[in-house]
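In what follows, a structure is listed as structure tokens, so that the remarks can point back to it.
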Amino acid sequence: MLADMERRGVCIDFAAFKSFLAEVSALIELHGARVQELAGSPVNVRSSQQLAEVLFKKLGLKPAGKTPGGALSTGSEALERLSGQHPIIEEILAFRVAEKLRSTYLEPMPRLADAEGRLHTRFNQLATATGRLSSSGPNLQNIPIRGPQGARMRACFIAAPGKLLVGADYSQVELRVLAHFSRDPALIDAFQRDQDIHSRTAALLFDKDASRITPDERRGAKTINFGLIYGMGPQKLARELGISVNQAKKFIARYFEKLGVLKAFYETLIEDALLRGFVTTLAGRRRLLPELHSRNQQAQAQARRQAVNTVIQGSAADIIKLAMLRVHADQRLAELDARLILQVHDELLLEAPEAAANEAAQILRRLMQEVTTLLVPLKVDLGTGRTWAEAH
DNA sequence: GAGAGGCGCCAC
DNA sequence: AAACGTGGCGCCTCTC
Ligand SMILES: Nc1nc2c(ncn2[C@H]2C[C@H](O)[C@@H](COP(=O)(O)OP(=O)(O)OP(=O)(O)O)O2)c(=O)[nH]1
Ligand SMILES: [Mn+2]
Ligand SMILES: [Mn+2]
């Protein structure tokens with residue numbers, strides 16, 4: 001099945017890639033030149049070492065953090081803290097955004113397409129610790145989606161002439177899996193009422209009605225929700241939310257206030273993992289976590305977070321893999337000539353003849369939702385269109 | 001020129 | 001950068 005998906009590939013819009021690349025290249029020129037001017041001496045903006053030299057020695061800015069290797073960080077989160085202190089910061093950040101698009105997506109991908117204009121990834125089955133697939137050569141699981149540039153990037157991936165893309169993505173999938181495993185009444189209740197926890201968190205964070213939340217705001221809420229359930233600390237939360245560390249501590253306390261059963265589940269899961277030396281997913285996949293017994297507190301804490309994450313992320317991976325087998329085996333989808341082309345962790349993308357797309361979408365949704373029965377419903381969001389931007 | 005490690009950053 | 005986790009890839013730097 002995965003080999004079929006790899007062989008089939010996905011169609012790309014060369015003209016869209018080309019015009020996007022032209023605009024992005026102009027931005028790289030512009031911001032690159034401004035960085036040179038503001039630095040006062042030639043500097044390779046692509047070199048974090050040279051950049052640190054300019055920012056923290058020449059210009060005397062105060063470093064906002066260090067890298068794991070001990071160097072002064074020039075990562076975007078560290079630079080944003082210096083925003084406003086010197087105009088070069090904004091220019092570096094703008095350069096980086098454009099350069100990322102050029103170097104990772106816009107230049108390489110059109111060159112990798114075959115004679116029919118299709119791009120073929122590899123779906124790796126043994127590359128992750130949790131049971132997820134990975135994608136490489138090129139990676140089609142990390143195509144930009146955020147902001148206007150994200151939408152434009154996704155619109156570069158299209159259906160073949162006469163066909164449509166059908167996208168299906170599990171709603172809040174790891175929160176639902178967590179509700180199932182933990183049996184926490186507050187979580188179970190939320191999903192039995194078909195609530196959108198990401199939107200709810202976004203509404204709280206941005207202080208607006210849940211119905212008026214933008215996709216990017218909702219993505220921000222995901223980071224908070226998954227961050228918190230997988231053990232994010234108050235310092236990072238404070239930074240994410242732009243609040244004080246004390247406020248962040250209170251936020252975390254309030255977040256888990258009504259999730260006592262969830263907390264107890266974490267305890268049981270860790271106890272069990274300590275005893276056995278591994279954790280187990282829904283389908284029985286195991287991950288060994290020897291660091292749970294480490295004398296190094298940091299390594300042990302990391303292993304605890306990994307234990308929790310692996311059960312949930314790995315079970316979500318089990319679920320979609322099973323669904324993919326059902327999709328592949330479905331007679332009606334085969335008759336319709338609706339074919340799986342991509343998997344993006346909890347999303348499936350099919351290519352189907354225009355006239356068949358609607359029926360294919362309904363079948364796909366049903367297969368995904370009903371692939372297994374949890375204590376909460378599995379919900380699938382659908383999209384259909386000429387481009388991946390519309391199908392997501 | 002190849003390969004490794006570090007950094008940085010895209011996605012889920 | 002930080003007590004979220006899971007990935008892959010481009011560029012730089014250093015080594016051989
Ligand atoms: N630990 C962690 N996991 C994440 C993060 N982003 C996504 N994931 C995992 C958990 C998600 O349920 C799963 C699928 O990602 P999606 O973007 O589809 O989000 P989700 O399904 O939760 O919401 P949605 O589809 O928008 O209703 O990937 C993250 O920032 N941290
Ligand atoms: Mn989803
Ligand atoms: Mn998704």
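Sequence lines set the chain letters: A, B, ... in the order given, protein chains first and strands last, and positions in each chain run from 1. Computation of the quantities below employed the complete heavy-atom set of this structure, encompassing side-chain atoms and omitting hydrogens, waters and symmetry-equivalent molecules. Predicted model, so just to flag it, every value in this text is computed and none were measured.
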For the pair made of CD in Gln306(A) and P in dC4(C), what is the distance, rounded to whole Å? 13 Å

Grab the CD-P distance between Gln313(A) and dG5(C) for me, whole Å please. 11 Å

Of residues 220-232 of chain A, the positions that come close to DNA chain C - non-hydrogen atoms, cut-off under 4.0 Å: Thr223(A), Phe226(A), Gly227(A), Tyr230(A), Gly231(A), Met232(A)

Less than 4.0 Å between a side-chain N and a carboxylate O, is that true for Glu80(A) and Arg239(A)? yes

To the nearest Å, give me how far apart CD (Glu291(A)) and P (dA3(C)) are. 18 Å

Tell me, for nucleotides 7-16 of chain C in 5' to 3' order, what letter each nucleotide earns: B for a base near a protein heavy atom under 4.0 Å, S for only sugar-phosphate near one, - for neither? BBSSSSS---

Would you kindly confirm whether Phe14(A) and Ile158(A) end up in one hydrophobic cluster when ILVMFWY residues are joined by side chain heavy atoms under 4.5 Å apart? no

Measure the acute angle between the ring planes of Tyr266(A) and Phe256(A), then classify it against the limits of 30° and 60° as parallel, tilted or perpendicular. perpendicular

Please give, in whole Å, the distance from dA1(C) C1' to Leu79(A) CG? 12 Å

Quick check on the helix from dG1(B)-dC16(C) to dC12(B)-dG5(C): what's the angle between its two end axes, five base pairs per end, to the nearest 10°? 10°

Nearest whole angstrom, please: distance from the P of dA3(C) to the NZ of Lys263(A). 15 Å

So what does Thr74(A) touch, heavy atoms closer than 4.0 Å: a base, only the sugar-phosphate, or nothing? sugar-phosphate

Which value, rounded to the nearest 0.5 Å, describes the distance between Ser171(A) atom OG and Gln195(A) atom CD? 11.5 Å

Less than 4.0 Å between a side-chain N and a carboxylate O, is that true for Arg254(A) and Glu257(A)? no

Within this structure, what is the CG-CG distance for the pair Leu165(A) and Leu349(A), rounded to the nearest 0.5 Å? 5.0 Å

Backbone N or O of Gly284(A) within a donor-acceptor pair of the Arg286(A) side chain at under 3.5 Å? no

Is Arg304(A) touching bases, backbone alone, or none of the nucleic acid, heavy atoms closer than 4.0 Å? nothing

Under 4.5 Å between side-chain heavy atoms, hopping through other hydrophobics if needed: is there a path connecting Leu30(A) to Leu51(A)? no

Taking only residues two or more places apart in sequence, or in another chain, which ones meet Glu240(A) in a salt bridge (charged side-chain N to carboxylate O under 4.0 Å, His left out)? none

For DNA chain B, which nucleotides open and close the run of contacts to chain A, 5' to 3', at under 4.0 angstrom from a non-hydrogen atom? dC7(B) to dC12(B)

Touch class at under 4.0 angstrom, heavy-atom based, for Arg219(A) against every strand present: base

Only one of Ile197(A), Val376(A), Val261(A) clears side-chain contact (heavy atoms from CB on, under 4.5 Å) with Leu187(A); which? Ile197(A)

How is Arg239(A) classified with respect to the nucleic acid when contacts are heavy atoms under 4.0 Å: base, sugar-phosphate, or nothing? base

Integer angstrom distance from the C1' of dC4(C) to that of dG5(B): 25 Å

So with a 6.0 Å cut-off around CZ of Arg386(A), is the heavy-atom count from everything else above 12? yes

With a non-hydrogen cut-off below 4.0 angstrom, is Leu101(A) in contact with a base, only sugar-phosphate, or nothing? nothing

Run the ring-centre check on His198(A) versus Phe226(A) and record whether the distance is less than 6.0 Å. yes

Kindly give the cluster partners of Leu126(A), where membership spreads through any ILVMFWY side chain lying under 4.5 Å from a current member. none

Toward the 5' end of DNA chain C, by each residue's nearest nucleotide, Asn309(A) or Pro68(A): Pro68(A)

Over-ring placement of Arg152(A) relative to Phe20(A), 6.0 Å and 45° cut-offs: yes

Inter-nucleotide C1' distance (dC7(B), dA3(C)), Å rounded: 22 Å

